[in-house]
Amino acid sequence: MESKEEVNDEIESGSEEDNSVGEESIESKEEKREEGKKGKKKNGWLLNKKKALASKASTSSMGPSILKRVVDKETMTLLKTLKVIVKKESGEKEASNMNKDITKIAVKIVILHQDKKLSDQQFQSLEFSFRRICSTFKNAFRVKQLDEATATRIHGHIKSLETLIKEMISPFVSKNTEERLKRIIDYLSAVPFIMKLPSYPEEYKTLIITFDHYLVSME
């Protein structure tokens, strides 16, 4: 395996009320109704607080800060490199929007995991598809050929990963987040985009080094 290059760049700144009263008095029923209302308000307030935290974390400087604390150097390098490639392909605005979208989704996933809404086992279920992405890219780099057939295989692996991520987070996120995920995947998994990666040799090599690191980590 090629030695990893030290990269210090970081991402810029991410039921119906159950009274169970039977033959109880009207007064007792009313007291339980009031208790039920208080409970509902409390739960709603707590849920709103968590949603507010996720929103604040993913739309402000807190987002990149959280990411930098929970992901390794290689992942930060991967995200930075993708931003550079997208900027060369589609301009500064598209690259910035892509970076923000990735940060927002990543931070939401981090918070869901911290809240124990997502388990370690669910993350492990993503490993097979991700391993296939990494190994296919690595093999293409080794033989110096990233043709349409190979790019199409990579496209399929990325779309499979998208399906798994969507199934994992959809019970907890808004439609906007799901649409944001789709935009990211549609861009990065496009066959013409994948085929053009070797035309950016420095960035392409950095991606391969990072993918190789992931493969070793998953052994």
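For the single chain, residues carry numbers from 1 onward in sequence order.
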Run the side-chain donor-acceptor check on residues 122-130: report pairs under 3.5 Å with partners two or more places apart or on a different chain.
residue : atom : partner : partner atom : Å
Gln122  : OE1  : Ser119  : N            : 2.8
Ser125  : OG   : Gln122  : O            : 2.5
Glu127  : OE2  : Arg131  : NH2          : 3.3

What is the distance from atom [atom1] of [X] to atom [atom2] of [Y], rounded to the nearest 0.5 Å?
X      : Y      : atom1 : atom2 : answer
Leu82  : Ile102 : CG    : CD1   : 6.0 Å
Met168 : His113 : CE    : NE2   : 9.0 Å
Glu89  : Leu197 : CD    : CG    : 8.0 Å
His157 : Leu161 : NE2   : CG    : 11.0 Å
Lys159 : Leu164 : NZ    : CG    : 12.5 Å
Ile165 : Ile158 : CD1   : CD1   : 10.5 Å

For [X] and [Y], indicate whether the former's side chain and the latter's backbone hold a donor-acceptor pair under 3.5 Å.
X      : Y      : result
Ser90  : Lys87  : no
Ser170 : Lys166 : yes
Asn139 : Ser135 : yes

> What pairs with Asp147 under side chain to side chain contact (heavy atoms under 4.5 Å, CB included), at least two apart in sequence or on another chain?
Replying inline: Gln145, Ala149, Thr150
> If Ile, Leu, Val, Met, Phe, Trp and Tyr residues are connected whenever their side-chain heavy atoms lie under 4.5 Å apart, and connections chain through other members, are Phe137 and Val191 in the same group?
Replying inline: no
> Are Met195 and Ile208 joined in one hydrophobic group, where the rule is that I, L, V, M, F, W and Y side chains link up if heavy atoms are under 4.5 Å apart?
Replying inline: no
> Do Val173 and Leu112 pass the side-chain contact (heavy atoms from CB on, under 4.5 Å) test, and can you show the C-alpha distance, the side-chain angles, and the key distance before you say yes or no?
Replying inline: CA-CA 9 Å; Val173 301; Leu112 286 171; 4.2 Å; yes
At their closest point, which heavy atom of [X] faces which heavy atom of [Y], and how far apart are they?
X      : Y      : value
Tyr204 : Pro198 : CD2-CA, 3.7 Å
Leu146 : Ala140 : CD1-CB, 4.0 Å
Phe211 : Leu78  : CE2-CD1, 4.1 Å
Ala95  : Val86  : CA-CG1, 3.6 Å
Thr210 : Glu74  : CG2-O, 3.4 Å

>> With side-chain contact (heavy atoms from CB on, under 4.5 Å) as the criterion, how do Lys138 and Leu215 come out once you've worked through the C-alpha distance, each side chain's angles and the decisive distance to 0.1 Å?
In response: CA-CA 10 Å; Lys138 183 181 176 182; Leu215 288 170; 3.9 Å; yes
> What's the verdict on side-chain contact (heavy atoms from CB on, under 4.5 Å) for Phe141 and Leu207, showing C-alpha distance, side-chain angles and the deciding distance?
Replying inline: CA-CA 10 Å; Phe141 183 81; Leu207 291 179; over 6 Å; no
Report, one line per pair, each donor and acceptor closer than 3.5 Å where one atom sits in a side chain of residues 178-185; sequence neighbours left out.
residue : atom : partner : partner atom : Å
Arg180  : NE   : Asp101  : OD1          : 3.0
Lys182  : NZ   : Asp186  : OD2          : 2.7

> Considering residues, nucleotides and ligands other than Glu148, do more than 12 of their heavy atoms fall under 6.0 Å from its CD?
Replying inline: no
